[in-house]
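The next block holds one structure in the form of structure tokens; read it before the comments.
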Amino acid sequence: MAKMGSRKHLKRYKAPEKWPIHPKEYKWTVKTSPGSHALEKSLPLLIVVRDILKVADNAREAKIIINRGDILVDGRPIKDYKFPVGFMDVIETPKSEKYYRVLSDEKGRLLLHPITKRNKGFKLCRVVDKTTLKNGKIQLNLHDGRNVLTEDQYKTADVVKMRVPSQEIKDHIKFEAGTLGMVTGGKHIGERGTIKDITITKSSMPNTVVIESKSGKTFQTLKDYVFVLGEEKPLITLPGGK
């Protein structure tokens, strides 16, 4: 039985340190299902419902709420309590008419940023890589696990504004100097600013980006850590209204 439990669950002390749970309160916690976001970059839907939204007092109540289809992720009712919720996902509780976008704070912890009903119908997705298919169409592989077919030319690290749940691309932000970006990894995680310079190497050395924050501070980070948010202003609302 212990072996079976270890496959279905996760010991709390082994859970990502950024999860909003106490590592010593209980022995086990829920383990995310394989899917759209990696374990270390996501939260199980049960933890979102119980520990962040606090619409359930315990795991049993959270499972009932989720199984009823009362929680929507990117416009779809999700009934898997282990479903991985990650960066830029849109969370909706239709009965209470509350809407949130999953972002990260300066410590890399995922947070639910309240948004308006008008903004719940889209999300931003980063192009991780792309594949050319036999019919000549391009398949975009996005940061949230989606694969989208398109005839337009997008580059790796560009960001698309996508309707959810239809997956229709409505806008496009190029990854280039002058755009606004958020850092999603490394020691500058959660910081935002204007991309000032992009260094692309042709060696084994990683590509880097120089960002200038609103305060005028400049810092360098890896290209893979930068998620562009818009040109003159972000396409989404952000914590603090910035």
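Model, not experiment: these values are computed from the prediction.
- Between the CZ atom in Phe87 and the NE2 atom in His143 there is a gap of 6.5 Å [rounded to 0.5 Å].
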Practice prompt. Starting from the C-alpha separation in whole Å, work towards a yes-or-no answer on side-chain contact (heavy atoms from CB on, under 4.5 Å) for Lys54 and Ile52.
Written response: CA-CA 5 Å; Lys54 299 186 184 300; Ile52 300 180; over 6 Å; no

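- Lys95 has its side chain within reach of Asp70: a pair of non-hydrogen atoms, C-beta onward, lies under 4.5 Å apart.
- Contact check for Ile138 versus Gln153: side-chain heavy atoms found under the 4.5 Å cut-off.
- More than 12 non-hydrogen atoms from other residues, nucleotides or ligands lie less than 6.0 angstrom from CD of Glu61.
- Considering every non-hydrogen atom in both Ile198 and Ala177, the closest pair reads CD1-N, 3.9 Å.
- You'll find the side chain of Val148 reaches within 4.5 Å of the side chain of Met162, heavy atoms only.
- Ion pairing between Glu92 and Lys117 fails under the 4.0 Å rule for side-chain N and carboxylate O.
- Asp144 and Lys123 are joined by a salt bridge, as a carboxylate oxygen and a charged side-chain nitrogen come within less than 4.0 angstrom of each other.
- Using a cutoff of 4.0 Å between basic side-chain nitrogens and carboxylate oxygens, Asp89 and Arg101 are not scored as salt-bridged.
- Of the possible polar contacts, one joining the Ser203 side chain to the Met205 backbone as a donor-acceptor pair under 3.5 Å is found.
- For the pair Arg146 and Asp74, the salt-bridge criterion is met [side-chain N within less than 4.0 Å of a carboxylate O].
- The hydrophobic clustering, which links ILVMFWY residues whose side-chain heavy atoms are closer than 4.5 Å, places Leu229 and Ile211 together.
- Between His172 and Tyr154, a ring centre-to-centre spacing shorter than 6.0 Å is recorded.
- Outside the 6.0 Å centre-distance limit, the rings of His188 and Tyr225 are not counted as a close aromatic pair.
- Put simply, the side chain of Asp51 never gets that close to the backbone of Val48: no donor and acceptor are under 3.5 Å apart.
- The same ILVMFWY cluster, assembled from side-chain heavy atoms under 4.5 Å apart, contains both Leu238 and Val159.
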Pair Phe175-Val226, side-chain contact (heavy atoms from CB on, under 4.5 Å): steps then yes or no:
CA-CA 9 Å; Phe175 179 76; Val226 180; 3.9 Å; yes

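- Using a 4.5 Å heavy-atom threshold, the side chains of Val85 and Ser42 count as separate.
- When the shell of 6.0 Å around CZ of Arg76 is examined, it contains 12 or fewer heavy atoms from other residues, nucleotides or ligands.
- The backbone N or O of Thr201 sits less than 3.5 Å from a side-chain atom of Asn207, completing a donor-acceptor pair.
- Atom NZ of Lys98 sits in a sparse spot, with 12 or fewer heavy atoms from other residues, nucleotides or ligands closer than 6.0 Å.
- Taking CD from Glu191 and OG1 from Thr184, the interatomic distance works out to 12.5 Å, rounded to the nearest 0.5 Å.
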I'd like to know whether Val49 forms a side-chain contact (heavy atoms from CB on, under 4.5 Å) with Ile71, so could you lay out the CA-CA distance, the side-chain angles of the two residues, the decisive distance to 0.1 Å, and finally the verdict.
CA-CA 8 Å; Val49 171; Ile71 307 297; 3.8 Å; yes

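- The side-chain heavy atoms of Leu222 and Thr208, taken from C-beta on, include a pair separated by under 4.5 Å.
- Residue Cys125 holds its SG atom at 9.0 Å from CE of Met88, rounded to the nearest 0.5 Å.
- Rounding to the nearest 0.5 angstrom, the gap separating the CZ atom in Arg50 from the NZ atom in Lys63 is 9.5 Å.
- Checked for salt-bridge contact, Lys170 and Glu168 meet the test: a charged N lies under 4.0 Å from a carboxylate O.
- Under the 4.5 Å side-chain heavy-atom criterion for grouping Ile, Leu, Val, Met, Phe, Trp and Tyr, Phe83 is connected to Leu112 within one hydrophobic cluster.
- The closest side-chain heavy-atom distance from Asp105 to Pro239 is not below 4.5 Å.
- With rounding to the nearest 0.5 Å, the separation of CD1 in Ile115 from NE2 in His113 is 7.5 Å.
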>> Run Leu124 and Leu235 through side-chain contact (heavy atoms from CB on, under 4.5 Å) and show every step you take.
In response: CA-CA 8 Å; Leu124 301 184; Leu235 295 184; 4.2 Å; yes

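- Taking CD1 of Ile91 as the start and OH of Tyr100 as the end, the distance is 10.0 Å to the nearest 0.5 Å.
- For the pair Arg126 and Ala157, the tightest heavy-atom approach, listed with the atom from each and the gap, is NH2-CB, 3.5 Å.
- Contact annotation: the side chain of Val127 approaches that of Leu142 to within less than 4.5 Å [non-hydrogen atoms, C-beta and beyond].
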